[in-house]
Amino acid sequence: MPDLPPLTDSERSIYEWQMWVPGMGEEGQRKLRAASVLISRVGGLGGLVALELAAAGVGKLVLAHGGDLQASDLNRQLLQTHDHIGKPRMESIARRLRELNPRCEIVGVAENVSETNAAGLVAQADIVVDAAPLFQERLALNAAAVRAGKPMVECAMHTLEASVTTFVPGKTGCLSCYVPAVPPTWKRQFPVFGAVSGTAACIGAMEVIKLITGIGETLAGELLSMDLATMQFRKVRLPKRADCPVCG
């Protein structure tokens, strides 16, 4: 973490209520101000992570998401607007976040994560958030984060189920420990409610905030699974495989 920047009177006013959280204080807010976070895919899930982190006062967000907005995105991608259909998603994403927090540096990359660009993207941030729908992207980001020694918050959802975990290189396993390869049956399109994406996103954003500030306890080494159809939540320990080709 670089030297902590001072807060302005305006920032103290904006973040006053969250600085009342035990263990947070002005130092915690300054840690958020100094931090940088990479988010892979900034749609229904990653977009809400970005929104919450910008609102909380994270200093820099590096956002990777390619393509143009489709009408079918609008039930969950809350950084988008109807008049932006057919235009690059990143334009609206960056604009909406800057409108919320003009103090937050937004680095928009209109590309999805791949084996080619993952290392360069990870190098720009302190913490990584994986919110991609494709395992090709997830595994490429995971490998780059492990190589760089940077924590990765993993957020996922499908239908009415969601999950969140945190990987910390050297302390926990990694995504490849329990998903060593792209599942052959996985499909790009699947059922989704924005409220389910948003549930995982808010928990994922809180994981990032805890990693940066040191408040609370993270999900490092544990997977939080949520079934929103039955409102059943459970935590399970994740394996750390000694023979993992990525982190073993």
Side-chain angles (χ1 to χ4, degrees), residues 1-21 24-69 73-74 76-113 120-131 150 153 155 194 197-198 201-215:
M1 187 72 70
D3 292 338
L4 299 181
L7 298 181
T8 65
D9 289 341
S10 175
E11 287 172 317
R12 290 189 184 92
S13 176
I14 291 168
Y15 305 120
E16 180 181 17
W17 286 30
Q18 67 190 43
M19 289 193 293
W20 293 342
V21 172
M24 180 68 177
E26 185 161 319
E27 181 179 357
Q29 193 61 49
R30 291 171 66 197
K31 288 179 179 178
L32 289 176
R33 184 71 179 85
S36 54
V37 180
L38 165 66
I39 303 175
S40 170
R41 294 285 194 133
V42 199
L45 208 169
L48 265 292
V49 175
L51 192 69
E52 293 290 357
L53 294 182
V58 169
K60 178 181 177 181
L61 295 177
V62 182
L63 311 173
H65 198 143
D68 296 340
L69 181 68
D73 295 330
L74 291 175
R76 63 196 181 280
Q77 297 190 13
L78 302 187
L79 293 179
Q80 304 293 345
T81 53
H82 191 274
D83 59 356
H84 207 74
I85 291 174
K87 300 176 183 178
R89 290 185 180 92
M90 190 53 65
E91 292 178 359
S92 182
I93 290 166
R95 174 177 56 81
R96 297 287 297 278
L97 291 172
R98 289 179 181 128
E99 288 173 351
L100 173 66
N101 185 353
R103 298 162 300 281
C104 179
E105 180 184 355
I106 304 296
V107 179
V109 180
E111 302 174 6
N112 297 330
V113 169
L121 290 168
V122 169
Q124 299 180 56
D126 303 314
I127 295 171
V128 174
V129 177
D130 177 21
K150 295 182 179 180
V153 176
C155 304
S197 296
C202 288
I203 294 173
M206 198 63 231
E207 283 293 286
V208 174
I209 291 169
K210 289 187 288 184
L211 284 168
I212 294 170
T213 64
I215 63 172

Identified salt bridge (charged side-chain N to carboxylate O under 4.0 Å, His left out) counterpart of Asp73 within the set Arg41, Lys87, Arg89: Arg89
Find the distance between CG (Leu69) and NE2 (His82) and round it off to the nearest 0.5 Å. 9.0 Å
Donor-acceptor pair, side chain of Arg33 and main chain of Pro5, under 3.5 angstrom: no
Salt bridge (Lys or Arg N to Asp or Glu O under 4.0 Å) with Arg12: which residues, sequence neighbours excluded? Asp9, Glu26
Backbone of Val128 reached by a side-chain donor or acceptor of Lys150 within 3.5 Å: no
If I take atom CG from residue Asp126 and atom NZ from residue Lys60, how far apart are they, to the nearest 0.5 angstrom? 9.0 Å
Using salt bridge (Lys or Arg N to Asp or Glu O under 4.0 Å), reason through Glu27 and Arg30 one step at a time and then give a plain yes or no. CA-CA 5 Å; Glu27 181 179 357; Arg30 291 171 66 197; over 6 Å; no
Is there a side-chain contact between Ser197 and Leu48, using heavy atoms and a 4.5 Å cut-off? no
Only one of Leu53, Ile212, Leu38 passes side chain to side chain contact (heavy atoms under 4.5 Å, CB included) with Ile127, and that residue is Ile212
Do you know which two heavy atoms are closest between Met24 and Thr213, and how far apart they sit? SD-CG2, 3.8 Å
Non-hydrogen side-chain atoms of Leu4 and Lys31 separated by less than 4.5 Å: yes
Does some side-chain heavy atom of His65 sit less than 4.5 Å from a side-chain heavy atom of Asn112? yes
Please report the shortest heavy-atom distance between Ala205 and Glu52, naming the atom on each side. CB-CB, 3.7 Å
Looking at every heavy atom in both Asp3 and Ala34, which two are closest together, and how far apart are they? O-CB, 4.3 Å
Minimum heavy-atom separation for Val49 and Ala201, please, with both atom names. CG2-O, 3.6 Å
Taken to the nearest 0.5 Å, the spacing of Leu79 CG from Glu91 CD works out to 14.0 Å
Trp20, CH2: over 12 other non-hydrogen atoms inside 6.0 angstrom: yes
Scanning both residues in full, the closest heavy-atom pair of Leu63 with Ala50 reads CD2-CB, 4.2 Å
Got a second to check how far Leu51's CG is from Cys202's SG, nearest 0.5 Å? 8.5 Å
Output the distance between atom CG (Leu74) and atom CD1 (Ile85), rounded to the nearest 0.5 Å. 5.0 Å
If I take atom CD from residue Gln77 and atom CZ from residue Arg96, how far apart are they, to the nearest 0.5 angstrom? 11.5 Å
Ile215 side chain reached by Met206 side chain, heavy atoms, under 4.5 Å: yes
With no hydrogens and no angle check, is any side-chain donor or acceptor of Gln29 less than 3.5 Å from a backbone partner on Ala56? yes
Expected output: side-chain Gln18 to main-chain Tyr15 donor-acceptor under 3.5 Å: no
When every non-hydrogen atom of Thr81 is compared with those of Asp83, the smallest separation belongs to OG1-OD1, 2.6 Å
